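Below: one structure, written as structure tokens.
What you see is a predicted model; the values in this text were computed from it and never measured. These numbers come from the heavy atoms of this one structure, side chains and all, not from hydrogens, waters or symmetry mates. In the text below, chain A, chain B and the rest are named by the order of the sequence lines, each starting its count at 1.
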Amino acid sequence: MLNLLLLEYRKMIGFRSVRLALVVCLVLPWIWSFSPRLQQLYGLVLVSGWQVPALALAPAVDVLLPILIAVTCAELIGSEVAQGTLAPLLLRPLSRARLVGVKLVAALSYPVVLLAVLFVGSLVAGARLGLGEFAGGTGLGPGSWVGVGLLTPGDALGEITRAYVLAAFALMSVATLALLLGVALLNTAAAALATLATLLMLRQLVVFPEKLQQLLLTTHLGLYTVQDPVQLRNSLIYLLIYTVGFSLLALFTFERRDV
Amino acid sequence: MIQEPQTTSRPAQTADRTAVAVRGLGKRYGRTVVLEEVNLSVSAGEVYALTGPNGAGKTTLIRCMTGLAFPTSGDVHLLGHNVHEEGSRARSLLGAVVEAPAKFYPQFTGSANLRLHARLASQGRGGTRVGEARIREVLALVELTRMADRRISEYSLGQRQRLGVAAAILAEPKVLILDEPTSGLDPLGISLIHRIVAEHAEAGGAVILSSHHLREIAGYAHTVGILSGGRLVDTVDLRSRHSAYRFRVDDPVRAANVLGAQPFVNRAAPRPPYAVAELVSEAAVPEALSRLALEGVRVFEAAPDLFDLYEYYRERLQN
């Protein structure tokens, strides 16, 4: 199992989509840390390097990371089909569930890797603004950017880590959705587009009753901003159901899929 | 060469030497029928060649037999194990190349790809452990030792195809299934594959391969299945054809009757001006001549009745 997982990661490193995503996650925080029109557009003045991670995270989780994750996770299956290497794997005495299981683990770990790179990239980019104690907020904790007084580096790091962990958890559902559609469509482009179309379509349902909103995956992708414990727990449960559900569907779909 | 896989129970089918049994196999894609009621059986030690026009369903049949595709009806058993129900166990007995040229990870070297296949071969129930020595052995067998540490992207199509065959025989499978194994190969490469296939069968393995090269497969296949329009329209036993002799005689009908009554003749039929007989062996020819002489049949010539598979195939499909 570990051998297969390592092989999966070796293959992923070869994907152009992964390399591009890693570059984007490293470059994006620098763009925000230097953005000269931040005050004009958002009325925000950066007072600490601890605020850069939040600036990088918000737009990334909304659009960029779902796109990058959808493409790579769809590619986990799609590239094997395109290269013709899926059939030789399935000719070996390896169960289909195990093969998809390994790909699921790789897909689930991908948002963690991207957010870890974004996290480190943000701290490096924010270092020039200083990473000491400051008056204000990280944008990811109580009081948002204004904060609730003086914030120590430890507290700032805690707020940012919590938000990044929650964002990674939320994006795991997108990764499993893309893998499920990859298994169903056996094509990278089709599966990635289907994933993004599904997310966009769900976002369009904002005009529907609030009870329905609670059930939608897209409602909970902004989990990292939630401070209310009850709301946080509910979102975590919904996201867990989506992630496990998509994973199981991927396993069952692939079990009797013609290759 | 062929080793018993790590299995505790021996299925009933091995007793009758049936290695591959395809029963009532059908495959539809929507309303399109690709395979219909295909039945075939391949014994241990037999080389079975599948042929037929483009679009006849050969590749779909091979994909169904290897468990890559799921049939709409019927089933496939490898040494008694249902490929679609006991996938892991059945595939531990199988070596296959289902695409020409064979596909590998282009970013890895040839030996790294084989090492990956070796690891995968040891997975699941009945998996076989494959060591470095065996990897080197199969690379030498397909004459790719020099290329072992080169990336697949540097391999020619023929070299990839040979590496595919190396991967297929790596775990010393009981059943070898090859789709167009000589596609893209030069004459030396073709004879190399012929040798590997023949040796595998001699060692007791069953081989199924698909090919359009009829005169080529007539040289080493034991049985040829002709697939057309998704149906197996004919099965030709080339072994019996190899032992057929024709006798140019004055009365072919009487000669065929005389020969047909002999214990060393499997089958005899008139084909004026000849009587054609399938003998149990070449050694029975003098006995056949003497019997015909005793019965007063005048024999002008006796010669092997060479079977032209290409001509037979052409006639069979035209009719």
>> What verdict does the side chain to side chain contact (heavy atoms under 4.5 Å, CB included) test give for A/Asp258 and B/Leu68, after you've listed the backbone C-alpha separation in whole Å, the side-chain angles of each residue and the deciding distance to 0.1 Å?
In response: CA-CA 6 Å; A/Asp258 281 1; B/Leu68 291 175; over 6 Å; no
>> Using heavy-atom distances under 4.5 Å, tell me whether B/Ala102 contacts chain A through its side chain, its backbone, both, or neither.
In response: neither
>> Return the OG1 to CD distance between A/Thr85 and B/Glu99, rounded to the nearest 0.5 Å.
In response: 9.5 Å
> At a heavy-atom separation under 4.5 Å, does B/Leu116 approach chain A through its side chain, its backbone, both, or neither?
Replying inline: side chain
> Is the backbone of A/Pro93 close enough, under 3.5 Å, to the side chain of B/Ser88 for a donor and an acceptor to pair up by distance?
Replying inline: yes
> CZ of A/Arg162: more than 12 outside heavy atoms within 6.0 angstrom?
Replying inline: yes
> What closest approach, in Å, do A/Ala87 and B/Arg63 show between heavy atoms, and which atom pair accounts for it?
Replying inline: CB-NH1, 4.4 Å
> For residues B/Gln123 and A/Arg98, is any side-chain donor paired with an opposing acceptor at under 3.5 Å?
Replying inline: yes
> Between A/Gln83 and B/Gln107, is a side chain to side chain contact (heavy atoms under 4.5 Å, CB included) present by the stated rule, with each step listed?
Replying inline: CA-CA 11 Å; A/Gln83 284 184 153; B/Gln107 67 270 40; 4.2 Å; yes
> Can you tell me if CZ on A/Arg257 sees more than 12 non-hydrogen neighbours from other groups inside 6.0 Å?
Replying inline: yes
> Given the rule in the side chain to side chain contact (heavy atoms under 4.5 Å, CB included) test, do B/Tyr105 and A/Arg10 qualify, once you have shown the distances and angles that lead to the verdict?
Replying inline: CA-CA 11 Å; B/Tyr105 293 107; A/Arg10 277 180 75 186; over 6 Å; no
>> Is A/Ser95 close to chain B through its backbone or its side chain, or both, or neither, when contacts mean heavy atoms under 4.5 Å?
In response: backbone
> Is it the side chain or the backbone of A/Leu4 that comes within 4.5 Å of chain B heavy atoms, both, or neither?
Replying inline: side chain
> Using a cut-off of under 4.5 Å for heavy-atom pairs, which of B/His84, B/Arg91, B/Arg119, B/His117 has the most such pairs with chain A?
Replying inline: B/Arg91
>> Within the supplied structure, the quantity of interest is the number of heavy atoms (other residues, nucleotides, ligands) at a distance under 6.0 Å from B/Tyr29 OH; does it exceed 12?
In response: yes
> What residue, out of A/Val259, A/Leu91, A/Leu89, A/Leu94, has the most heavy-atom pairs lying under 4.5 Å from chain B?
Replying inline: A/Leu91
> For A/Leu90, is it the side chain, the backbone, both, or neither that has a heavy atom closer than 4.5 Å to a heavy atom of chain B?
Replying inline: both
> Can you tell me if A/Arg256 uses its side chain to pair, donor with acceptor, with the backbone of B/Phe70 under 3.5 Å?
Replying inline: no
> Between A/Arg92 and B/Ala171, which heavy-atom pair has the shortest distance, and what is it?
Replying inline: NH1-CB, 4.4 Å
